[in-house]
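Structure first, then comments.
Throughout, a chain's letter reflects where its sequence line sits, starting with A, and its residues are numbered from 1. Keep in mind that what you see is a predicted model, and the values were worked out from it rather than measured. Every heavy atom of this structure was used, including side-chain atoms; hydrogens, water molecules and symmetry mates were not.
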Amino acid sequence: MSADSAPVVTRFAPSPTGALHIGGARTALFNWLFARGRGGKFLLRIEDTDRNRSTPENRQAILDGLTWLGLDWDGEPISQFERASRHAEVAREMLAKGRAYKCFSSQEEIEAFREAARAAGTSTMFRSPWRDVPEANLPDGPYVIRIKAPHEGATTIHDMVQGDVTIGNEQMDDMVLLRSDGTPVYMLAVVVDDHDMGVTHVIRGDDHLTNAFRQKMIYDAMDWDVPVMAHVPLIFGPDGKKLSKRHGATGAAEYQALGYPAAGMRNYLTRLGWSKGDVEYFTDAEARALFDLEGIGRSPARFDTKKLENLSGQHIAAADDAALLHEIEAFLEVNGKTDLSEAQRDGLKRAMYCLKERAKTLPELIEKAHFVLASRPLVADDVAAQHFDSVSRGILSELTPQLQTATWNRDSLEAEVASVAESRGLKLGKLAGPLRAALAGRNVSPSVFDMMLVLGRDETIARLSDAAA
RNA sequence: GGCCCGUUCGUCUAUCGGUUAGGACACCAGGUUUUCAACCUGGGAAGAGGGGUUCGACUCCCCUACGGGCUGCCA
């Protein structure tokens, strides 16, 4: 951060009309990364002015989603609805400055105009007849406050992602700022809030790109500085269509429930639509240091579960054991699974070293941890049970006394097992099957030697005896 | 309809007028192996189409096609 630049302030401004969407999560992530990488602030504003669709449950779901992703915000979330009077105040101020006017056209009149225009194939943009009527000639009755948009010349937005975007001002309409019931519209609320919150960088979905022109009119009318804009393309489903329910999970929290680690999700989402050369894998600290607006792509990216899995696997492998254990417990909890016992938690801790390097997701890791989660007598699943025949039982019982006296480290164990295999003219692979089945009751597990080391001598021998019986 | 944005391997992307168009994921083949995962080696795979500008275009301009957004007293 250069010394002379003002501190960065970004914000995420979701409407609480549903859970935290994957696209929203990435928008939030970009804002968070940008602010946190520059010692700035990341603020949260809940755009809850649509009273019919906004619910406290959704608000909480969004907060929970952000929390899961590790995106911490500064201060309390701001409710846009609660700031309505401030928004109205600004509309009045614009009126006083002559940058806005009272419009007495009724909604019926306007709708009739639009219908006629549609039928005639002409522009449906409504031009209010009240724009230049002197105050003295204004009637009594309900009115809306409209902005006095420039109708000549052109307006340019300097967007960090889209570049300079210009439209002719004949496209600008005198949008409503304050409804006839005195409530503010979204376009006004956003600008006033961003200004009052001191937002320096607006990073949001590119569905707002054309709104930026309307919003700029308000900044200009109020003589406020326009923040730096960055409109980032939306995320699409694997088929290139807008991400929707039929693509499967669309909510951030659903990915937690599916067992993706938050770090993997962050890495994947950061890299989706943003790049820095060939860097693919990075820690949070690296991401904060690397992230910039220049690296954001201009075209929509498709969501690819395979790559998410790959990155998730890398982050699981690199995770701190204790942190990973917490994440596993949170995963179990959101899936309504029962808590881990003290013994299970302890087993997981001891086995973590060999579990985390072979799982791409948390459920995969848990499946491989079965040998340490389950307790005797183990019930082998169908596939594993196929390893138990008279021959393999014989081998297992032959192995037991050897293990009784073996030094309990990897090399010795390997040697013991290898010698038993050799005495029978078998390859290690032949022996590993039944051994794994006896120790884990599953076909999928860590290496048999790792399991023996984690389980310890007594438990190992007990499980082999169980299986040999 | 009008205005605006976008288009490089299957996917995410590098390239910022001169490269055999690079990397990652995925895929295929082979190897290693104790299951799963991982790992090693190799392979196929791209500039939407058409015009310009230029000594030279993936890079700049125009048109078309396709995709997306906005066009509300929704957010």
Inter-nucleotide [atom1] distance ([N], [M]), Å rounded:
N	M	atom1	answer
B:G43	B:A24	P	13 Å
B:G10	B:A46	C1'	11 Å
B:G52	B:G44	C1'	35 Å
B:U13	B:G69	C1'	24 Å
B:G47	B:C12	C1'	16 Å
B:C66	B:G49	C1'	11 Å

Q.
Cation-pi check for A:Phe371 against A:Arg442: NZ or CZ below 6.0 Å from the six-membered ring centre and within 45 degrees of the axis, yes or no?
A. no

A:Met187 atom CE is separated from B:C73 atom P, nearest whole Å, by 10 Å

Of the listed B:C5, B:C25, B:A75, the closest approach to the A:Lys306 side chain comes from B:C25

Could you tell me whether [X] contacts a base, only the sugar-phosphate backbone, or nothing, with contacts defined as non-hydrogen atoms closer than 4.0 Å?
X	answer
A:Ser105	base
A:Thr49	sugar-phosphate
A:Met125	nothing
A:Arg114	sugar-phosphate

Looking only at atom types and distance, does a side-chain atom of [X] sit under 3.5 Å from a main-chain N or O of [Y], one as donor and one as acceptor?
X	Y	answer
A:Asp174	A:Arg146	no
A:Asp159	A:His231	yes
A:Trp274	A:Leu293	no

So, with a heavy-atom separation below 4.0 Å from RNA chain B, the residues of residues 164-173 of chain A are A:Val165, A:Thr166, A:Ile167, A:Gln171

What residues 143-156 of chain A contributes to the RNA chain B interface at heavy-atom separation below 4.0 Å is A:Val144, A:Arg146

Residues 292-318 of chain A vs ring pair (Phe, Tyr, Trp, His ring centres under 6.0 Å), sequence neighbours excluded, gives A:Tyr255-A:Phe303, A:Tyr268-A:Phe303, A:Tyr281-A:His315

Is there a Watson-Crick or G-U wobble partner for [N] with both distances under 3.5 Å, and which nucleotide is it?
N	answer
B:C3	B:G69
B:C39	B:G31
B:U15	none

In this structure, OG of A:Ser299 is separated from CZ of A:Phe236 (nearest 0.5 Å) by 9.5 Å

The answer to which of A:Cys103 and A:Ser123 contacts RNA chain B further toward the 5' end, by nearest nucleotide, is A:Ser123

Enumerate the protein-to-nucleotides 68-70 of chain B contacts in which both atoms are nitrogen or oxygen and the separation is below 3.5 Å.
{"from": "B:G69", "atom 1": "OP1", "to": "A:Lys242", "atom 2": "NZ", "distance (Å)": "3.2"}
{"from": "B:G69", "atom 1": "O2'", "to": "A:Asp207", "atom 2": "O", "distance (Å)": "3.1"}
{"from": "B:C70", "atom 1": "O4'", "to": "A:Thr210", "atom 2": "OG1", "distance (Å)": "3.0"}
{"from": "B:C70", "atom 1": "O2'", "to": "A:Thr210", "atom 2": "OG1", "distance (Å)": "3.3"}
{"from": "B:C70", "atom 1": "O2'", "to": "A:Arg214", "atom 2": "NH1", "distance (Å)": "3.1"}
{"from": "B:C70", "atom 1": "O2'", "to": "A:Arg214", "atom 2": "NH2", "distance (Å)": "2.9"}

(message) Would you say the ring centers of A:Phe34 and A:His201 fall short of 6.0 Å from each other?
(response) yes

Worksheet item: Taking the six-membered ring where the residue is Trp, are the ring centres of A:Tyr101 and A:Trp130 under 6.0 Å apart?
Response: no

Is there any protein nitrogen or oxygen under 3.5 Å from a nitrogen or oxygen in nucleotides 36-42 of chain B, and what are the pairs?
{"from": "B:C36", "atom 1": "O2'", "to": "A:Lys368", "atom 2": "NZ", "distance (Å)": "3.2"}
{"from": "B:C36", "atom 1": "O2", "to": "A:Lys368", "atom 2": "NZ", "distance (Å)": "2.9"}
{"from": "B:C36", "atom 1": "N3", "to": "A:Arg358", "atom 2": "NE", "distance (Å)": "3.2"}
{"from": "B:C36", "atom 1": "N3", "to": "A:Arg358", "atom 2": "NH2", "distance (Å)": "2.4"}
{"from": "B:C36", "atom 1": "N4", "to": "A:Arg358", "atom 2": "NH2", "distance (Å)": "2.4"}
{"from": "B:A37", "atom 1": "O4'", "to": "A:Lys368", "atom 2": "NZ", "distance (Å)": "3.4"}
{"from": "B:A37", "atom 1": "O2'", "to": "A:Arg358", "atom 2": "O", "distance (Å)": "3.4"}

Strictly under 3.5 Å: I want the nitrogen or oxygen pairs between protein and nucleotides 11-14 of chain B, one per line.
{"from": "B:C12", "atom 1": "OP1", "to": "A:Arg302", "atom 2": "N", "distance (Å)": "3.0"}
{"from": "B:C12", "atom 1": "O2'", "to": "A:Arg271", "atom 2": "O", "distance (Å)": "3.3"}
{"from": "B:C12", "atom 1": "O2'", "to": "A:Arg271", "atom 2": "NH1", "distance (Å)": "3.2"}
{"from": "B:C12", "atom 1": "O2", "to": "A:Lys307", "atom 2": "NZ", "distance (Å)": "3.4"}
{"from": "B:U13", "atom 1": "OP1", "to": "A:Gly273", "atom 2": "N", "distance (Å)": "2.7"}
{"from": "B:U13", "atom 1": "O3'", "to": "A:Ser275", "atom 2": "OG", "distance (Å)": "2.9"}
{"from": "B:U13", "atom 1": "O2'", "to": "A:Arg271", "atom 2": "NH2", "distance (Å)": "3.3"}
{"from": "B:A14", "atom 1": "OP1", "to": "A:Ser275", "atom 2": "OG", "distance (Å)": "3.1"}

* Asked: Looking at A:Arg179, does any N or O in its side chain come under 4.0 Å of the phosphate oxygens OP1/OP2 on B:A75?
  -> yes

